[in-house]
Amino acid sequence: MEATQTPTTPVPPLNLAANFQQIRAEALAELTEICDSGYYVLGPKVAAFEQSLSTYCGSKHALGVSSGTDALLVAMMALGIGRDDEVIVPTFTFFATAGCVARLGARPVFCDIDPETYNLDVAQFEAKLTARTKAVIPVHLYGQLADMPAILDVANRRGVAVIEDAAQAIGASEPRLNGRKAGALGTFGCISFYPTKNLGAIGDAGALLTDDPNLHEKATKLRLHGETTRYHHALIGGNFRIDPLQAAILTIKLKRLDQWNELRRQRAARYSELLEQTGLVPEHVRLPRDLHGTHVYHQYIIRSNRRDDLVKHLQERKIGAGIYYPVPLHLQECFAYLGHKPGEFPHAEKAAAEVLALPIYPELTDEQQNAVVDAIVGFHKR
Ligand SMILES: *Cc1c(COP(=O)(O)O)cnc(C)c1O
């Protein structure tokens, strides 16, 4: 598996159109059927998808919603989280994890990360619990599960809800919890079907998983403005609906998800093997660690202390490297009112300065991977 000398092969950060080609005929048949039916929001195709999703993830209930962000929002609304409540979140995550907490008037309480896995530091989570803490949101960043056995242990002892942000981890499973899957481990699990995610819709969509029939019922009402019967509102909800076209596409793709996740794992293993052979590891480039559960490699993350120059070098060679995420949330302008300072969460701040995502998707070819590794080698030879 030697990297070849073809540094000109372009490697796009994603190839969503190639992915669609694999389901094209089935998808277009569904599109025709849905367009002809005149039934464009919720309905039987959504119910069928929810059934397939809960079976796949191993939760009792699944609720299709408008996005992963809205899944987080509805989960917290169903738990009654609001003013004066505190919700514990890692500072190193996508914005929505904490944004949804603040939108409900609650306070995001940030924690640092474990530098090996980039996921919630469990000791800090426990240390930050107060009488006001209503929930913790572990994020399974990059497709690797947070330390759920430890998080569940603390949360159960202290009586706080666990809302998994499983937006990047659909299909990841935890052998220490009987092989249960991401999103089916906590009180609620939130999934995103944003097109770039491991299971992507052809627009925005998301889902909420839970085993609790009462929370499922409440979330179902919240999805439709809190209606109990038509035009009678027991709760203040919103429009968090999903449409049958997204549900139908997702049902088709769900059947292939395990196979696609397996290809991602193979690509990740091959990156690690090729990078090890370059002699750059660990001095110049550090590789991802696969420590908790079966990692589904939403992203393949390396670290470099010359990260910004390396990204520029790769992008100049048409290699779609990305940075997730360059600014931890405690340092975002919109959260200045929380009064955090640089240096407060050193592992997150260091990760934000050093991480770099290499292109990874099921359709990535060996030749493209070789080109990525060659370009990384080229950068360090300059
Ligand atoms: C994508 C993502 C979300 C939000 O999902 P959308 O469907 O884009 O609203 C939330 N959290 C994490 C960690 C994500 O990666």
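Order of appearance sets the numbers: ligands from 1, and atoms from 1 within every ligand.
- A donor-acceptor contact shorter than 3.5 Å is absent between the side chain of Arg241 and the backbone of Leu42.
- Within the 4.0 Å heavy-atom criterion, neither part of Asp70 lies near ligand 1.
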*Passes side chain to side chain contact (heavy atoms under 4.5 Å, CB included), Phe193 versus Ser67? Steps please.*
CA-CA 7 Å; Phe193 305 119; Ser67 69; over 6 Å; no
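- Nearest protein heavy-atom contact of atom 11 (N) of ligand 1 is Asp165 OD2, 2.7 Å.
- Among all protein heavy atoms, the one lying closest to atom 9 (O) of ligand 1 is Thr69 OG1, 2.5 Å.
- No more than 12 heavy-atom neighbours from other residues, nucleotides or ligands sit within 6.0 angstrom of CZ on Arg83.
- Residue contact check for ligand 1: Lys197 places a non-hydrogen atom closer than 4.0 Å to it.
- Of the options Ala98, Ala207, Gly206, Ser192, the smallest heavy-atom separation from atom 7 (O) of ligand 1 is shown by Ser192.
- When only interatomic distances are considered, the shortest N/O to N/O separation between Thr93 and ligand 1 does not fall below 3.5 Å.
- Close N/O approach between Phe193 and ligand 1 is not found [any backbone or side-chain N/O within under 3.5 Å].
- Which parts of ligand 1 touch Val139 is read off a 4.0 Å heavy-atom cut-off, strictly below it: atoms 13 (C).
- Here the CD1-CD distance, from Ile252 to Gln22, works out to 12.5 Å after rounding to the nearest 0.5 Å.
- Among all protein heavy atoms, the one lying closest to atom 3 (C) of ligand 1 is Phe94 CD2, 3.5 Å.
- Shown in contact with Ala167 at under 4.0 Å from a heavy atom are these atoms of ligand 1, numbered in order with element: 2 (C), 3 (C), 10 (C), 11 (N), 12 (C), 14 (C), 15 (O).
- For the pair Leu314 and Leu358, the minimum side-chain heavy-atom distance is below 4.5 Å.
- Taking the side chain as every heavy atom from C-beta outward, His292 and Arg176 approach each other to under 4.5 Å.
- A salt bridge does not link Arg267 with Glu363: none of the charged nitrogens is closer than 4.0 Å to a carboxylate oxygen.
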*Output, in order, the C-alpha distance, side-chain angles, deciding distance and verdict of side-chain hydrogen bond (donor to acceptor under 3.5 Å, both in side chains) for Asn370 and Arg270.*
CA-CA 10 Å; Asn370 296 345; Arg270 188 165 184 274; 2.9 Å; yes
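- Geometrically, ligand 1 and Gln168 share a nitrogen or oxygen pair separated by less than 3.5 Å.
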